[in-house]
Structures are given as C-alpha cells and as structure tokens.
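As structure tokens, the structure follows; a few thoughts come after it.
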Amino acid sequence: MLEIRNLHVAIEDGSKKILNGLDLTIHNGEVAAIMGPNGSGKSTLSYVIAGKPDYEILDGEILLDGENLLEMEADARAAAGVFLAFQYPLEIPGVATMTFLKAAMNAQSRARGEGELKTPDFMRRVKLGAEKLGIPQEMLRRGLNVGFSGGEKKRMEILQMALLEPSIGILDETDSGLDIDALKIVSEGVNALRSADRSFLVITHYQRLLNYIVPDTVHVMSKGRIVKTGGKELALELEANGYADYVSDVAA
Amino acid sequence: MVAVKETVEQVKELDVDQYKYGFSTDLEVDKAPKGLSEDIVRFISAKKGEPEWMLEWRLDAYRRWLTMTEPNWARVHYPKIDFNDSYYYAAPKKNAAPKTLDEVDPAILDAYKKLGIPLREQEILAGVQTSKVAVDAVFDSVSVVTTFKEELKKAGVIFCSISEAIKEHPELVRKYLGSVVPVTDNYYATLNCAVFTDGSFVYIPEGVRCPMELSTYFRINEKNTGQFERTLIIAEKGSYVSYLEGCTAPQRDENQLHAAVVELVTMDDAEIKYSTVQNWYPGDADGKGGIYNFVTKRGDCRGANSKISWTQVETGSAITWKYPSCILRGDNSRGEFYSIAVSNGMQQVDSGTKMIHLGKNTTSRIISKGISAGRSQNTYRGQVSAHRKASNARNFTNCDSLLIGEQCGAHTVPYLESKNASAVFEHEATTSKISEEQMFYCRQRGLSAEEATALIVNGFVKDVLQQLPMEFAVEAQKLISISLEGSVG
Ligand SMILES: Nc1ncnc2c1ncn2[C@@H]1O[C@H](COP(=O)(O)OP(=O)(O)OP(=O)(O)O)[C@@H](O)[C@H]1O
Ligand SMILES: [Mg+2]
C-alpha cells in the first residue's frame, strides 16, 4: 500500500513550490489514475515518490507498506518495489539494453538479499517479455534507448517493469507517443502484471488509455493537490467537460 | 555484463583511501649514488656490462641533454624537477638471471600476486604451461624473469631485455635503436638515452606470426629511482606481434620521474599491435606523491602495407605526458591510436597522438576517450599531418570527453596540417557529462551511484576497450572503475 500524506514539495533551490499538501492512498492491487492539467505537478509527484534528488520535501510523508520512502535513496526505493516508467526515458549510449537490464535486475536482487539470476534464466525471461511487447531481439543489443522511437522507448519501460516486478508501478504518460496498436500491446503488458499485491499509479491525459487499463480510482490533480477523487466514470466526465469544474475551485 | 558486476565488486572491496598497489617490496638494492653526471652514465653502462659503443651513445646523449630545456607546452603544472635529486640505477641484488622460477625471489612473485597480474600470467609464473603469454618482467630496472624463451626461439622470435639484446644482438640494436625516436627528439627521450636501465627487446623475423602475445609488467620499487625503460620492437616483412604492457607502482611521498622510450618498426606487410594499461600511482587526494610520466612512444611504418596500432588505457600518474605516434612512411601503411585516459583527484593528463602521413594512400584512425573527474585536467592533444608527397592520405579522428562532476576540465587540442590537396581528414569531437537525469534513471532501476557511473563509463569507453586483448580488457575495465572511485555520490 502506498500512502502519501500532506506532501509539500518545492524545487531544491526553493524558488517554486509544486506540491501543496497532496494526499493519496493506493491499496494493494489497486490501479489509480491521475489526470490533471499540464504543469499541475503529476510528473513531480512521480519523481518525488521515486526519489529524484532535485526536490525539497517541506512537509508530509510517503509510506510504502509502512516503510518511509523519503528516508531512502532512489536505488533503495527501487529495491523496495517502486518502479517509474518515465515520461521521457533517458538514453544510455554504449550500454547494451541487455547489459542494462541484467545490471538492474542483479542490483535489485542483491539489495533484497536474493541470489542473482542465472544467465540462461535471465535470457529466457527477457526474450519472453520482449516478445510479448513486440520488441525485436535486435533492439536489446543496441544502446539503451539510443535511437529508439518514442513508442519503442515506452515499450522498453514496460519491459523493464515486467522484469523488475515492482510492488507499485508508476506510469507517467506511457500512452503518449504510442500508436493505437502499440497502445493495446502496452496496455495488455500492464494488465498482465496486475495482481492482488501490485498496485499502479497511471498518469495520463487521455481517457482512451483507461479503456484498456481500467482504473479502480481516478484522481484529479491541480496545482499540486488532489482536488477530486472518483471511480472510472470520472475519467469519462473529464473527457467530456475538461478540468474547468475542478481547477477553478482551487483557484478561487 | 559479468565484467560490470566484477567491476562493482572490486570497487566495493577497496579501501578508498588506500592506493591498492601502494606497498613496497623489500629487496636489497644495489644502487648508484644520487644525481646525474657522466660518471653516473658510465656507472650504469659498466653495471650492465655494455660494450664501448653503447657507452659512447649514452654519453653523447647525456651531453646533448645538458644543452636542452624541459618542454613547457603541455597543459600540466608541477614543481621544477631537480634531476640531481634522484637515483638513476637500482637493481635487485640477485642479478644473475634465474634459470627456473624456483630461483626467482619469492618477494618478487608475491609482488606480482599483489599487483593482480592476470591469472594467465600468474599461471606462467607458477609454471603452468597452458597459457601462452610470455612475461618479460621488468622489476626495478632489471629483467629477472623471462619465460617461454624456448617456444619463441623455435619461431625465431627474440624477446629479451634490452640489456641482453645489447650484448647478444648488437647488430640489431645498433641498427634500430634511436632510429624512430632520435637521440635528441625531446628532453625526456634524450635523458632516457643517457640513463635507461632496462626494458624489452623484440625481434620478429620475416613472415613469422608471433605464436603468443608478449607481455611485460613494469613496476617501480625503489624509493626515488627514476625509471627509464627502453623498448624496441622490430617486425620484419610480413610478420605480426601483439605486445602488452602494464604497470603499477607503490605509494610514494616524493614525486617519481618516469621517462620511457618505446620504438616500433614495421617493415613491408608487417603489423605491431601495442597495448598498454598504465596505472602508476596518481598521488594522494591533494595530488602529492604521484608519478610524473613523460613517455615517448613512436612507431615507424617503414614498409609498404604495414600497420601499427597503439591502444592505451591510462588511469594512473600525477602527470601524464604521452603521445604514442605513427610515422606512416610506407605506401598504404596504416596507423591506429585507441585511447582511454581517465583522470581523477588532482591528476593532469596531456596525451594524444601524432599521425605523420608520408607515404601514398596512408590511413590513420584515432579514437580517444577522455574521462575527467574530481579536480583533474584531461587534455587530448593530437596532430595529423600529410606530407607533400602523401597523396590520398586519410585520417579519421573521434575524440570524446566525459566529465564527472563540476570541478574537472576536459580540453581538446587538434593540430591538422596538410601539404597535399588530396588528403582527407575528418575530425569529430564531443564533450558530455553524466547527466543528473541519466544518473537518476539508473538509480531508479536499482543501481547504486557507483554502479551507475561504472555502467555509463563502460558504455562510453566501449569502442576502445574492444581493441584490447580480452583479458586485458577485463582488467582495464576494473582499473577504470577503481580510478573513478569517490568521484560520485
Ligand atoms: N526542476 C524544475 N525547475 C523549475 N520548475 C520545475 C521543475 N520541475 C518542475 N517544474 C515546474 O513545476 C510544475 C509542475 O511540473 P510537472 O512536470 O510535475 O507537471 P505535469 O503535471 O507532469 O505536467 P505535464 O502534464 O505537462 O506533463 C511545472 O510548472 C514545471 O515547470
Ligand atoms: Mg508530466
């Protein structure tokens, strides 16, 4: 379970406050969607959960299964089960995707005190995972994300999530840049990972994604807070009416 | 990927403040008095039992050296060196060459172990005959271990210390010594001519492919002993040899001068591949006590269709001044330079290459990867020139710098000079940083800061590491990570 309470966050140099008393709870097995206008702080929230260093936490707490994430480095949070599929995945030139995947999986296993995967088992899992997501084997030999198309990068994020088996997967606009077919494939990939002890935080601008990854809860974010929470029908309403109803509340 | 894991483990095992190889082996030493004079030059020559012509050659160099001044064009800064405050000769006491390994001083074998000499070489030192790397170990100036002589002899290859070559093969030494790097080439090279104490000699006869990789480990072991190795490799027509050189040094308080000279000669259709992993003591966190490394390495592609390839991984030394070069004299000859230069702490690196195109249709390729961390300065200095008669000369240069942190510097100084209109020189250069974003991305996937840096750096240097023989590449990868320790997090 992920519990965020009264989270206040500013840019590290204090020049700008982005999250303003955000509360959010996601239960095990739950898929929560966050929607909200550009600049409302959605990506910032995902970074703060994952432990990006550029932010100053002014107040509040983030607990994952009762553990205080804010006291942990980003790699420790990853090992504890936080996975972030980036809105803009980074390129790592010269590091073969396969090499990166293995390094990440081994690092997490080690951090959890588990044994490392044997190479043949690792290869099998990667191959299978890649096939499901329509990622050609040849791509796994290329530098991570180097020269990958926008859609390919997003698929690679989901492959990483599948291999790392997090307890909470945060998807930041994973649907942007995906064509219709890829959207289906990626959604199926995510749905296949849904389980009673894994939850998801899906950030998106489009209700279309939520037709494929059907959320249990939908939250509207504005100016760094959750201003409305509802069921999956809330997404349809937003699609029809926009954010005006909720956003203006806060502005007033 | 296995290497990445090993690298990371290796890094973890290390005590950050302790230079891994900072130990000193206790050997009784037979040394010349401090300082430099004609008498010292005579002393060295006499100690080595050299013929008269060699002594004259040294004295001539010494006299010329006295008239020269230290170059100051490189981007390195260090206190003035007092050349009279150093010892120029030290030899292990047991100077009769051992016939078997049992005769080798156990302290030396132990030192090799501590140096982490790759398993293959250790096996050889232990007498296991399955590996095929011959080690001509230079231990404090005198070669004390030479293996695989017999097998090489069968192939007609000569691989011995330069001192031995001066005595046993004077005609070859006289013909080639100083023929690539002239006696007065530069201040440090001239000094080396006067006082060099040992080094390796390799001769590959016509048409012979050297049956194994030749490997030499250098090590400074005597306080304040300047190291002046001299290496000469000759590849006759149609021959091939791959030569590996690696070195580490114990921790020191005073700066140690190291001025080696390496000369390579390839005749028609011959090829020499020369690989170096250099890990001299870089000094402490403030840069105190590191090695000053002023090296002159040059290859002469004397014959048509010949090839010389330099690959270097430079991680050590307080000061590195080193430009392994190729003179492309023979038509269709080819020169290559692959370099990884890592600097951290207060290290200063000024390194690069010269590709001198003299013959027709000559080609050269330069791939340089500089990594700077800490408060270090890392300069690539490269010259590519085409002579008037060098029609169709081709060069490709790719020079990338990676910065880690805010306080280091990377500089690229290319000199291009073409006197022939048909020459085509291509130059690419990039400077990048390990971005905070890349770092966070890696850490989000579970990698520690050091693992992430090692991974990104390994990716950055991949093109050059691929040029190294396999076991050397693994070693080199470890070294690079060790050298970058403490530069992140
Ligand atoms: N490092 C930073 N420096 C300055 N401003 C920042 C920084 N990071 C985020 N911001 C600002 O904080 C606000 C929230 O940004 P964030 O990326 O979290 O929004 P978002 O909800 O993800 O928007 P979008 O829907 O466009 O992706 C924006 O105004 C953004 O410009
Ligand atoms: Mg965003």
Side-chain angles (χ1 to χ4, degrees), chain A residues 12 46-47 49-55 72-86 88-112 116-117 119 122-123 142-146 153 156-157 160-161 163-164 166 170 172, chain B residues 1-9 11-13 338 340 367 369-371 398 400-402 404-405 428 430-467 473-474 477 480-481 488-489:
Chain A
E12 206 177 24
S46 71
Y47 286 147
I49 297 170
K52 194 169 194 232
D54 320 349
Y55 302 98
M72 297 155 76
E73 295 276 321
D75 43 331
R77 296 187 200 194
V82 175
F83 181 91
L84 170 60
F86 283 61
Y88 304 106
L90 276 293
E91 301 187 357
I92 316 279
V95 179
T97 302
M98 204 64 135
T99 306
F100 184 86
L101 295 176
K102 185 143 193 227
M105 287 171 77
N106 283 339
Q108 293 203 15
S109 308
R110 262 201 312 276
R112 295 192 207 105
E116 290 182 0
L117 265 179
T119 302
F122 163 77
M123 299 294 277
R142 280 159 61 185
L144 180 67
N145 290 328
V146 178
K153 285 181 183 169
M156 194 54 75
E157 294 292 286
Q160 291 183 52
M161 182 166 75
L163 294 171
L164 293 169
I170 305 168
D172 192 0
Chain B
M1 27 202 158
V2 177
V4 171
K5 195 197 111 214
E6 281 176 3
T7 298
V8 164
E9 277 168 6
V11 166
K12 278 192 195 144
E13 282 168 16
Y338 298 102
I340 297 169
I367 308 284
K369 305 277 177 178
I371 301 164
N398 173 252
D400 295 330
S401 306
L402 184 68
I404 302 175
E428 290 174 359
T430 65
T431 300
S432 52
K433 282 191 71 148
I434 295 186
S435 72
E436 305 267 321
E437 260 66 29
Q438 274 176 324
M439 203 64 185
F440 173 60
Y441 187 81
C442 292
R443 298 196 69 184
Q444 205 300 302
R445 298 309 187 239
L447 300 170
S448 68
E450 295 217 315
E451 287 170 320
T453 306
L455 197 71
I456 294 170
V457 167
N458 283 342
F460 178 73
V461 300
K462 197 185 73 180
D463 294 349
V464 174
L465 278 185
Q466 280 171 346
Q467 298 296 328
V474 173
Q477 205 167 34
I480 292 166
S481 299
V488 290

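For clarity, every value in this text was computed on a predicted model and none was experimentally measured. A, B, ... follow the sequence lines: proteins, then strands. Residue 1 opens every chain.
- Heavy-atom distances place no part of L101(A) under 4.5 Å from chain B, backbone and side chain included.
- Of the inter-residue distances, the one linking F440(B) atom CZ with D54(A) atom CG reads 8.5 Å to the nearest 0.5 angstrom.
- Rounding to the nearest 0.5 Å gives a distance of 11.0 Å between CZ of R445(B) and CG of L163(A).
- When heavy atoms are compared at a cutoff of 4.5 Å, P166(A) does not approach chain B at all.
- Residue Y88(A) does not touch chain B at all, counting heavy-atom pairs closer than 4.5 Å.
- Contact between L447(B) and A103(A) at its shortest, heavy atoms only, is CD2-O, 3.5 Å.
- Looking at Q444(B), its side chain does come within 3.5 Å of a backbone N or O of V82(A) through a donor-acceptor pair.
- To the nearest 0.5 Å, the span separating CD on E91(A) from CD on E437(B) amounts to 13.0 Å.
- Contacts of L84(A) with chain B are made by both backbone and side-chain atoms, with heavy-atom separations under 4.5 Å.
- Here G51(A) is the residue among A80(A), G51(A), G143(A) with the most heavy-atom pairs under 4.5 Å with chain B.
- To the nearest 0.5 Å, the span separating CD1 on I92(A) from CG on N458(B) amounts to 12.5 Å.
- Within 6.0 Å of atom CD in E73(A), 12 or fewer heavy atoms from other residues, nucleotides or ligands are found, so the atom counts as exposed in its surroundings.
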Start with the C-alpha gap between K52(A) and E436(B), add the side-chain angles, then the distance that decides, and say whether salt bridge (Lys or Arg N to Asp or Glu O under 4.0 Å) holds.
CA-CA 9 Å; K52(A) 194 169 194 232; E436(B) 305 267 321; over 6 Å; no
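- For A50(A), the parts lying under 4.5 angstrom from a heavy atom of chain B are both the backbone and the side chain.
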